[in-house]
Asks: 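Quick one: structure below, then a few questions.
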Amino acid sequence: MSVTKEDVRKVARLSRIAVSEDRLEPLANELTSIMGWIEQLNEVDVDGVEPMTSVVDATLPMRDDVVTDGNIQGQVLANAPKSEDGFFVVPKSVE
Amino acid sequence: MTDLTKLTLAAALDGLSAKAFSSRELTEAFIKEIEASNDTLNAYVVKTPEKALEMADAADARIAAGEAKALEGAPLGVKDLYCTKDVRTTACSNILGEFTPTYESTVTQQLWDRGAVMLGKLNMDEFAMGSSNETSRFGPPANPWRREGSNQNLTPGGSSGGSAAAVAADLCLGATASDTGGSIRQPASFTGTVGIKPTYGRASRYGMVAFASSLDQAGPIAKTVEDSAILLEAMCGHDAKDSTSLPEPVPAWRESVKQGVKGMKIGIPKEYRVDNMPEEIEALWAQGIKWLQEQGAEIVDVSLPHTRYALPAYYIVAPAEASSNLARYDGMRYGTRVQGDNLVGTYEGTRSEGFGAEVQRRLMIGTYVLSSGYYDAYYLRAQKVRTKILNDFIEAYEKCDALLTPTCPSAAFAYGEKADPVQMYLNDIFTVTANLAGLPGISVPAALDSQGLPLGLQVIGKALDEASCFRVAGAIEEAAGFVAKPHKWW
């Protein structure tokens, strides 16, 4: 299995990571080597095997549908790169 | 007075409760030691001496009032993966900038509720992705241990390298760590310390920076098996804020440590005898088997046939979950934002500047294996292989109570010695199975190699049976009589 430069370009875009043109080839080689090593999983017969969920049988717990916190606007915004008047300020996303 | 920083946690707690010394005296001794050593060892990435002294004074007041709790007055270090209120928490990644949580992780809150004192935040691989602590934005810590006659710095392992280095160098009584593929046990093995990862779900993940949610688990690194039991008891317990937290009571694990192994059946998995395993590791393993036999345990051979598929399965599951978890770092709500020409440009710039090379590599692998049309071939298949790995363990445990293996295929290595990613990944070969199967595993120091570096043995237990891990590790600790400390060069 070979990961191509085009694959890396696509995956980088999907990952929202800018990758410069000269890094595409080395990354393709690295990913090819890692994915090649991972390929050995194809040897395992997994017919009829359930995917693992948890080691101890557990069902997802339910809680009452009630508000448990709130009124912490200051805390929510405390680490914002940019905020104004109680709002996050983000780049324009609608043309 | 003896050097307070050299005490075990158990001895320090005894001394505090007997009022042989105060928490302030103990805490001041650690602050002084950290000041003198940290520039060289780089174990702490945030130091909180003022907060520590404040907490120590409060602990002293409770001791005086006869209200001391389980960890009253004990100074601890916290891996930078745990959110600590008002103390910068970045998982050693640039992308979190100066992120300062407005809330506390459940695990650390439980430590403070029991009277522990926080000395600071400890170095780690960026987002816990690494086995050498080299990927930290703050640079790697140094292992207090060096090869005999050498002044080359070695890695304390990873990802909890700062925790392991700090405990080994007496810069705290014990530390929190976390383990996704071996990140508690491998650093413990590399530094002559004890580290345990409990059963998945024992400790709450609330407030821990997420890496791979189905594998991540909290645990301590400590100086002795008993110390690790004391800390684990304080860290575990059900938490409604983590839906995978198990509603199980926390046993009195400290009592298991000295129970001995008489009558226990210890399994030796033949698949852990890997190609090119150094003779010293093989010999250590044989020695461990002999120790347990001499103490009355029965040794049984077992087989875990899918062991060799554990690492490849891990390198699908962990990156896939990471790519999903780390999607939150978009530069909008917290962390560092790198402004681009448009919204996508801002995302891409923020993430390529903010994430280091190893994190980027794993995010791309994760995105690749989850991308359209590949889910069944990779993630789903890997999750099915996990079931096969767990079934191997369940079958083996029909014949034994716990398994004994080496913790790592080598002693600590030097920075840059493992440049190929796959070579680095192979370091987790003995530890990663317990994460995939969700089982508890402990590493206990057992010997020094021919170069004077510590080597650990690992005990893997049944689900929720940390008690057996502590029993076997306690027996090994006693038989090994491991008291070596690194020669102080820092």
Asks: With only heavy atoms counted, which part of B:V317 is less than 4.5 Å from chain A, the side chain, the backbone, both or neither?
Replies: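 Neither part; nothing is under 4.5 Å.
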Asks: Between B:Y103 and A:Q75, does any side-chain donor sit less than 3.5 Å from a side-chain acceptor?
Replies: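 Side-chain D/A pair, B:Y103 to A:Q75: absent.
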Asks: So B:Y329 and A:R16, do their side chains get closer than 4.5 Å, heavy atoms only?
Replies: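 When only atoms from C-beta onward are counted, B:Y329 and A:R16 do not touch, as no gap falls below 4.5 Å.
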Asks: I'd like to know if the side chain of B:R333 reaches the main chain of A:A80, judged simply by a donor and an acceptor atom lying under 3.5 Å from each other, with no hydrogens or angles considered.
Replies: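 Not confirmed, B:R333 side chain does not pair with A:A80 backbone.
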Asks: Treating B:K388 as the side-chain partner and A:D45 as the backbone partner, does any N or O pair qualify as donor plus acceptor under 3.5 Å?
Replies: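 Here the side-chain-to-backbone pair exists.
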Asks: Indicate yes or no for a side-chain donor-acceptor contact from B:T367 to the backbone of A:S15 under 3.5 Å, with no hydrogens or angles considered.
Replies: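 Here the side-chain-to-backbone pair does not exist.
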Asks: Identify which part of B:A437 has an atom lying under 4.5 Å from any heavy atom of chain A, answering side chain, backbone, both or neither.
Replies: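 Just the backbone, heavy atoms under 4.5 Å.
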Asks: Do B:R381 side-chain atoms and A:V44 backbone N/O form a donor-acceptor pair below 3.5 Å?
Replies: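 Yes, because the side chain of B:R381 sits within donor-acceptor range (under 3.5 Å) of the backbone of A:V44.
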Asks: To check you understand the geometry: which heavy-atom pair defines the closest contact between B:S352 and A:A18, and what is its length?
Replies: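 Heavy atoms of B:S352 and A:A18 come nearest at CB-O, 3.2 Å.
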Asks: Name the member of A:E50, A:K10, A:R13, A:R63 that forms the most heavy-atom pairs with chain B at distances under 4.5 Å.
Replies: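 With the most close heavy-atom pairs to chain B, the winner is A:R13.
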Asks: Kindly compute the distance separating CD1 (B:I316) from CD1 (A:I34), expressed to the nearest 0.5 Å.
Replies: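 Rounded to the nearest 0.5 Å, the CD1-CD1 separation comes to 12.0 Å.
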Asks: Quick check: closest heavy atoms across B:K384 and A:V49, and the distance to 0.1 Å?
Replies: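 Residues B:K384 and A:V49, closest heavy atoms: CE-O, 3.3 Å.
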